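For reference, the structure discussed in these notes is given below.
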Amino acid sequence: MTTKNASSTAISSGSQERAARIMERCDRLAQESAEVGKISRLYGTPELRAARDLLDGWMQEAGMTTRIDQIGNLIGHYEADPAIADPKTLIIGGHWDSVRDAGRYDGTLGVLSGIAAVEGLHEAGVRLNAAIEVMAFADEEGVRFHTALLGSSPIAGGFDLAWLAMTDDAGITLGEAIRAFGGDPEAIPGDARATEDLLGFIEVHIEQGPVLQERDVPVGVVTGITGSARAEITFTGMAGHAGTIPMSSRRDALTGSAEFILAVERVGRSAEGLVATVGKLDAEPGASNVVAGRTVQTLDLRHPDPEVRGRAITELKREVDAIGERRTLEVAWHDSPCFAETPSDPTLTGTLRKAIEHEGIPVVELFSGAGHDAVTMATITPVTMLFVRCKDGISHNPAESITVEDVTVALSVLDRFAASVAAQG
Ligand code: GLV
Ligand code: MN
Ligand code: MN
């Protein structure tokens, strides 16, 4: 391959075809799922591995060398111009795990946009002054272990080895799941990346909100990402016959859950910008004619201000204790790792703004209520994100929808952004 110097005209050529390829590949990845007719790709599963094999092939076709780290992230490396001594690296990332019954663009758009950006360079025979790495994170959603950002945490040096003992619904530990997925959990700390080698991190992601649609623009810049906390709460009462135990002497764990869920809604409504959700509830033994003896429920609580989050958590812990006392239930509260609110890097975001303006598009600023790997990556390198308009703001739902026209714009912006960052590097 002949090596040319970066010219944004050369890089931007063919963004329509590459965007069409992104859409086709999102459709193809959607077929790798635990459930026929639905998209469900949880950490460490055969479907996650099958989708990774596809991504690996596409990365190699785009001129990257690939490797898999201990937790199972796939990392494609596109070399810098060989004339550059000690080139730094720009990371373009995304995740390819999903929630249950997901849409096809959350996460995968970021990975496939990264691959498409490198494809553009490769097809044009262009090497930049910096290496590009496309990082496909194996777990961002945190569905299986109820802990988000597991894929990017090792890379950012933020993986706590105590997490290896966390269990999924089947009692399998994270450590066992990592081994089954081909990694060595004890070697995870060795995957941390050195800050000084990096220029920054960008993810292209669907907006998951309606603002871009309302403003009638295809893309927008992310000014920051909210902070979040997760927990798992257990109520233990006494299972028994639904026909024979008098109402007055029941220790029904599920009615405790009902009170808790309503408390979560009330607390979630108590402060501007606060959101609180119980998204999962398991009741045991789980039969219509048995009073529930035990329930396990999740809590997901988000706000950009740690004090607001802290107050809400304290109030909910009080509620849980009070419910336990009133209903003679044993209670247990387990905090999952929480994530700090994360502003985008102003310099990197400035470069992204210029790339958007170059397309003749007004720059719309968005704050993300959803979590993203940029939160962990920000601890080692400057981060920014480009959001792409999604229909009616719907996500975490099979109705997620984007257009090839908007992806074409996003890709042109990403091409220009990558070339600018590498040139400044
Ligand atoms: C990921 O989508 C999250 O915000 O939980
Ligand atoms: Mn998501
Ligand atoms: Mn996502």
Side-chain angles (χ1 to χ4, degrees), residues 55 59 64 67 69 71 73-78 80 87-96 106-118 121 128-140 148-159 191-206 219-226 339-356 366 368 370-388 410-411 413-425:
L55 292 170
M59 282 183 179
M64 287 181 259
R67 66 185 178 84
D69 69 7
I71 204 159
N73 298 316
L74 172 67
I75 299 160
H77 185 92
Y78 187 71
K88 295 196 174 194
T89 300
L90 171 68
I91 302 170
I92 307 176
H95 59 96
W96 87 103
D106 176 353
T108 51
L109 179 63
V111 181
L112 294 172
S113 298
I115 295 174
V118 173
L121 296 168
L128 300 176
N129 289 355
I132 305 275
E133 278 190 10
V134 179
M135 287 194 179
F137 299 118
D139 184 301
E140 184 268 2
L149 312 183
L150 280 176
S152 52
S153 292
I155 291 166
F159 188 93
D191 284 329
R193 292 296 290 266
T195 300
E196 57 274 15
D197 298 342
L198 304 175
L199 284 178
F201 171 86
I202 184 168
E203 180 171 0
V204 178
H205 202 283
I206 54 168
V219 294
V221 293
V222 177
T223 55
I225 301 170
T226 198
F339 294 97
E341 57 289 350
T342 303
S344 296
D345 177 73
T347 307
L348 212 57
T349 306
T351 306
L352 187 58
R353 294 176 76 100
K354 286 204 185 88
I356 294 173
L366 301 153
S368 178
H372 298 286
D373 291 296
V375 168
T376 41
M377 296 304 283
T379 62
I380 54 164
T381 194
V383 300
T384 195
M385 289 189 73
L386 181 70
F387 273 0
V388 178
L411 196 50
V413 170
L414 181 63
D415 288 342
R416 187 167 298 279
F417 169 85
S420 307
V421 173
Q424 291 157 22

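What you see is a predicted model, and the numbers here were worked out from it, not measured in a lab.
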_Between His95 and Asp139, does the side-chain hydrogen bond (donor to acceptor under 3.5 Å, both in side chains) criterion hold? Intermediate values first, please._
CA-CA 7 Å; His95 59 96; Asp139 184 301; over 6 Å; no
*asked:* List the residues meeting side-chain hydrogen bond (donor to acceptor under 3.5 Å, both in side chains) with Glu341, not counting sequence neighbours, and say none if there are none.
replied: Arg309
*asked:* Set out, in order, the CA-CA distance, both residues' side-chain angles and the distance that settles side chain to side chain contact (heavy atoms under 4.5 Å, CB included) for Glu133 and Leu198, then state yes or no.
replied: CA-CA 10 Å; Glu133 278 190 10; Leu198 304 175; over 6 Å; no
_Please enumerate all residues that pass ring pair (Phe, Tyr, Trp, His ring centres under 6.0 Å) together with Phe159, with sequence neighbours excluded._
Trp163
*Flag, side chain of Ser113 to backbone of Gly110, donor-acceptor distance under 3.5 Å*: no
*For the atom pair CD1 (Ile202) and CG (Leu352), what is the distance rounded to the nearest 0.5 Å?*
4.5 Å
*State, to 0.1 Å, how close Ala156 and Ile380 come at their nearest heavy-atom pair, and which atoms those are.*
O-CG2, 3.6 Å
*In chain order, what residues pass the side-chain hydrogen bond (donor to acceptor under 3.5 Å, both in side chains) check against Thr351, with sequence neighbours excluded?*
none
*Can you tell me how far the CZ atom of Phe387 sits from the NE2 atom of His372, to the nearest 0.5 Å?*
3.5 Å
*Check Ala340 against Val375 and note the closest heavy-atom contact, atom names and distance.*
O-CG1, 3.7 Å
*asked:* So which atom in Ala117 and which in Leu414 form the shortest heavy-atom distance, rounded to 0.1 Å?
replied: CB-CD2, 3.9 Å
*Walk me through it: do Leu112 and Leu55 pass the test side chain to side chain contact (heavy atoms under 4.5 Å, CB included)?*
CA-CA 8 Å; Leu112 294 172; Leu55 292 170; 3.8 Å; yes
Anything under 3.5 Å between a donor and an acceptor, one on a side chain of residues 417-425, the other on a protein residue two or more places apart or in another chain? List them.
residue: Ser420; atom: OG; partner: Arg416; partner atom: O; Å: 2.8

_Minimum heavy-atom separation for Asn129 and Pro87, please, with both atom names._
O-CB, 3.8 Å
*Answer whether the closest heavy-atom distance between the side chains of Val111 and Phe137 falls below 4.5 Å.*
no
*With sequence neighbours excluded, tell me which residues meet side-chain contact (heavy atoms from CB on, under 4.5 Å) with Ser344.*
Val222, Thr349, Thr384
*So Glu140 and Leu149, side chain to side chain contact (heavy atoms under 4.5 Å, CB included) or not? Walk me through it.*
CA-CA 4 Å; Glu140 184 268 2; Leu149 312 183; 3.7 Å; yes
_Is the shortest side-chain heavy-atom distance between Ile225 and Met385 below 4.5 Å?_
yes
*Calculate, to the nearest 0.5 Å, the distance between atoms CG and OG1 belonging to Leu199 and Thr89 respectively.*
7.0 Å
*Which residues pass the side-chain hydrogen bond (donor to acceptor under 3.5 Å, both in side chains) test with Thr108, sequence neighbours left out?*
none
*Hey, could you give me the CE/CG distance between Met377 and Asp345, rounded to the nearest 0.5 Å?*
13.5 Å
*asked:* Could you work out, with side-chain hydrogen bond (donor to acceptor under 3.5 Å, both in side chains) as the rule, every residue matching Glu203, not counting sequence neighbours?
replied: none
_Partner residues of Asp69 under the side-chain contact (heavy atoms from CB on, under 4.5 Å) criterion, sequence neighbours left out_ = Arg67, Ile71, Asn73, Ile75, Ile155, Asp191
*Search all heavy atoms of Leu386 against all heavy atoms of Ala410 and return the closest pair with its distance.*
CD2-O, 3.7 Å
_Under the side-chain contact (heavy atoms from CB on, under 4.5 Å) test, residues paired with Thr223 that sit two or more places apart_ = Glu365, Phe367
*How far does NZ of Lys88 sit from CD of Glu196, to the nearest 0.5 angstrom?*
8.0 Å
*asked:* Using side-chain heavy atoms (C-beta onward) and a distance below 4.5 Å, is His205 in contact with Asp106?
replied: yes
*Do the side chains of Asp415 and Leu121 get nearer than 4.5 Å, heavy atoms only?*
no
*asked:* Testing the basics here: between Pro343 and Val383, what is the closest heavy-atom pair and its distance to 0.1 Å?
replied: O-CG2, 4.3 Å
